[in-house]
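Since the structure comes first, as structure tokens, the remarks are kept for the end.
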Amino acid sequence: MPVAGIRPGAPEQPADLVVRNAKVFTNDPRRPGATAVAVRDGLVGAVGDDADVAPLVGPGTRVVDALGRRLVPGLNDAHLHVVRGGLNYVLELRWDGVRTLREALAVLKLQAERTPPGQWVRVVGGWSADQFAERRLPTLAELNAAAPDTPVFVLHLYQSALLNKAALRAAGFTRDTPDPAGGQIVRGHDGEPTGLLIAAPGALLLYSTLAKAPALDEADRLGSTRHFLRELNRFGLTSAIDAAGGFQSFPENYGTVTELARRGELTLRIAYHLFPQTAGQELDDLARWVETVRPGEGDEWLRLNGAGENLTWAAADFENFAEPRPQLGAYEGEFEKAVRLLTEHGWGFRLHATYDETIRRDLAVFEKLAAEGLFPQGNRWLFDHAETVTPDSLDRIAALGGAVSVQNRLSFQGEAFVSRYGAPAAAEAPPLRAMLDRGLTVAAGTDATRVSSYNPWVALHWLVSGRAVSGRRLAAPHNRLGRAEALELYTLGGARLTGEEDVKGRLKVGSYADLAVLDADYFTVPEADIPHIESVLTVVGGRIVHAAQEHEGLAPGLPPVSPSWSPVTRFGGYRATPAPGPAAGVRQAEGVLEAVAASDEQHAWRTARGLAAPGRPRVPLDPCFL
């Protein structure tokens, strides 16, 4: 049928898909704007005005009217724990986007009631107490009241975990359980664990406790990963670089994405890294891997990109900003052997390095190897995080051919960072402008899912505004990015880290047909509305993988979520937020009303216990205040 002036003809090479009537941001300086994109065989076949692509429409071409919406290249998260996240997605209750603790506890209570015996309720990352109107964590009493019988595990950033009494029993914590190295089991006066676990400063205690919860079987892992990838597509993500991480063993935990790739069921392009899991065995693992696989092996959907984000455990600096910077012991000997092994075999790598003190020590090793000609020699390598990296270290990174991958961890950890290091340090954490001014390759991501949310628009908002989820503006004016500049870090930036900048990150003829049509114009919405943006049409390799609103039904369906009691079946993933546009004052008033409702609830609780006088001003009656 004719579509707004486009009539099917018989072109020699008709397009498979045409998206027209769009405000196209191509990210290509040779043609920065357009209104239509034509796709053939998974690649962009034409970019131009509607009239330019009209001759490519044939009888079998699917034509989608973007209704004047903004169209951008598909987003690419340069640091996302997508493999591990997919294996657990349907088991986790998400507080991402929830605006009040009152609501968070309400959904937790409902999920506890529908969780079968033997299973846990898990809230694992993507939120911070700073996002709640109440500005606090749940208390252990509140968790026990919400779920008296079902184990509940709540992870808060890299700082702590809260367990109710049922979870303490399920995890086997008793008064005789010793504190592990780098962690603390908080105990009451009676010596019994209270349910609070502290990363002091390492998070291994938190993660090892979470690992005691039941896992999915292989069939459900496949379904969980498919639903997680579709959730990422919801926000316009079409690619991600998996940063591996603890409790993600190769090849066992990579089997699920490998099987989906074999079936042609991936809806997100994944470049993955390999992370040695056992301290003291790192060199053995790396030596075995460099003889087994090589970076770049795979295809455009699933490919190895190198090692990291740890090469040796002793060189990792933990990023719990509520604790002092960890003092690392001597690690350079084994670290040098690992880096030498990788560079001699043509492997790139990425390194978790939060603090400049760690970065300087790593660079000294690289400079020693550079004297032998091993740096720079074309292998892609980068530092991740780098919140406190200094100008001198950036110069050294540039000289050695390195890159930097930054994440919006301060969106969620900003208040803790300011409390420890001060506002001036937070204003430059990390120093984005200094990185770009040196011509470094800089890519952006989230570090989801155990701390930050996987929503890329929260990260883009942080790059542009410098604001944490608490609303506090952290970044100095010169350290904030323009919207196009930030979007380039989230598209081309990641493509450069995988050597795919010729085919990914721009909409030009011959590039991958990866794109997203947004529900609001990223370039014109008020700054505060950027985190609320979602995609209404996401295309990967020419396939529509997500469709919403006017395009509902264009994407293929997924099998039902399994198990049926999964939090995703009832609550979904990231909590849908109000559509962009309402005045900031309205949003603020809504938040205040929710906080007041919670305050009223608290006052009623205190009154019932004789801690506040009914019908009188709310003067605290606790003895410690008198």
### Query
Do you see a donor-acceptor pair shorter than 3.5 Å between the side chains of Asp447 and Tyr454?
no
### Message
If you define the side chain from C-beta out and look only at heavy atoms, does anything of Ile241 sit under 4.5 Å from Arg350?
### Response
yes
### Query
Distance-only, no hydrogens or angles: does the Thr491 side chain make a donor-acceptor pair with backbone N or O of Pro73 under 3.5 Å?
no
### Task
Search all heavy atoms of Ala261 against all heavy atoms of Leu302 and return the closest pair with its distance.
CB-CD2, 3.9 Å
### Query
With Glu282, which residues qualify under salt bridge (charged side-chain N to carboxylate O under 4.0 Å, His left out), at least two apart?
none
### Query
Does the pair Arg496/Glu488 count as a salt bridge with the N-to-O cut at 4.0 Å?
yes
## Note on the structure
Applied to residues 291-316, the ring pair (Phe, Tyr, Trp, His ring centres under 6.0 Å) test, sequence neighbours excluded, yields Phe275-Trp313
### Query
With ring centroids as reference points, do Tyr89 and Tyr574 lie under 6.0 angstrom apart?
no
#### Entry: Face-on cation placement of Lys212 at Phe153 ring, 6.0 Å and 45° thresholds
no
### Message
List the residues meeting ring pair (Phe, Tyr, Trp, His ring centres under 6.0 Å) with His156, not counting sequence neighbours, and say none if there are none.
### Response
Trp127
### Query
Is a side-chain donor or acceptor of Ser239 paired with a backbone partner of Asn76 at a separation under 3.5 angstrom?
no
### Query
Taking side chain as C-beta onward, heavy atoms only, is Arg226 less than 4.5 Å from Leu229?
no
### Query
Does a side chain donor of either Ser393 or Asp356 reach within less than 3.5 Å of an acceptor in the other side chain?
yes
### Query
Is a donor on one side and an acceptor on the other found under 3.5 Å between the side chain of Thr343 and the backbone of Arg340?
yes
#### Entry: Flag side-chain contact, heavy atom, 4.5 Å: Phe235 against Asp77
no
### Task
Check the surroundings of atom NZ in Lys368: do more than 12 heavy atoms from other residues, nucleotides or ligands lie under 6.0 Å from it?
no
### Query
Do any N or O atoms from the side chain of Trp95 and from the backbone of Val124 form a donor-acceptor pair under 3.5 angstrom?
no
### Query
Do Leu487 and Asn27 touch side chain to side chain, with heavy atoms closer than 4.5 Å?
no
### Message
With heavy-atom distances below 4.5 Å as the criterion, would you say the side chains of Leu87 and Tyr254 are in contact?
### Response
no
### Query
Is a donor on one side and an acceptor on the other found under 3.5 Å between the side chain of Arg450 and the backbone of Gly125?
no
### Message
Between Thr292 (side chain only) and Arg288 (backbone N and O only), is there a donor and an acceptor less than 3.5 Å apart?
### Response
yes
### Query
Do His81 side-chain atoms and Thr449 backbone N/O form a donor-acceptor pair below 3.5 Å?
no
Show me, pair by pair, the donor-acceptor contacts under 3.5 angstrom made by side chains of residues 423-435, not counting sequence neighbours?
from	atom 1	to	atom 2	distance (Å)
Glu428	OE1	His478	NE2	3.4
Glu428	OE2	His478	NE2	2.6
Arg433	NE	His478	O	3.4
Arg433	NH1	Glu485	OE2	2.6
Arg433	NH2	Arg480	O	3.3
Arg433	NH2	Glu485	OE1	3.0

### Task
Check whether the side chains of Ser453 and Asp96 place a donor and an acceptor atom closer than 3.5 Å, and report yes or no.
yes
### Query
Are Arg269 and Asp514 ion-paired here, with the side-chain N under 4.0 Å from a carboxylate O?
yes
### Qualifying salt bridge (Lys or Arg N to Asp or Glu O under 4.0 Å) pairs with a residue from residues 289-305, counting only residues at least two apart or across chains
Arg303-Glu500
### Task
State, with a plain yes or no, whether a side-chain heavy atom of Phe383 is found less than 4.5 Å away from one of Asp362.
yes
### Query
Would you say Pro201 and Gln327 make side-chain contact, with heavy atoms under 4.5 Å?
no
### Summary
For residues 402-412, the side-chain hydrogen bond (donor to acceptor under 3.5 Å, both in side chains) pairs (sequence neighbours left out) are Glu319-Arg409, Thr354-Arg409, Asp384-Ser405, His385-Gln407, Glu387-Arg409, Ser405-Gln407, Asn408-Ser411
### Message
Check whether Gln277 reaches the backbone of Asp285 with its side chain - one donor and one acceptor, N or O, closer than 3.5 Å.
### Response
no
### Task
State whether the side chain of Asn479 and the backbone N or O of Ala475 hold a donor-acceptor pair below 3.5 Å, judged by distance alone.
no
### Query
Looking at the rings of Phe321 and Tyr158, which for Trp means the six-membered one, are their centres under 6.0 Å apart?
no
### Query
Can you check whether Leu80 reaches Asp242 side chain to side chain, under 4.5 Å on heavy atoms?
no
### Task
List the atom of Leu440, the atom of Gly402, and the distance in Å for their closest heavy-atom pair.
CD2-O, 3.4 Å
### Query
Can Glu259 and Arg263 be counted as an ion pair, charged N to O under 4.0 angstrom?
yes
### Donor-acceptor contact present, side-chain Asn310 to main-chain Thr312, <3.5 Å
no
### Message
Can you see whether Asp317 engages Thr358 through a side-chain donor-acceptor pair at a distance of less than 3.5 angstrom?
### Response
yes
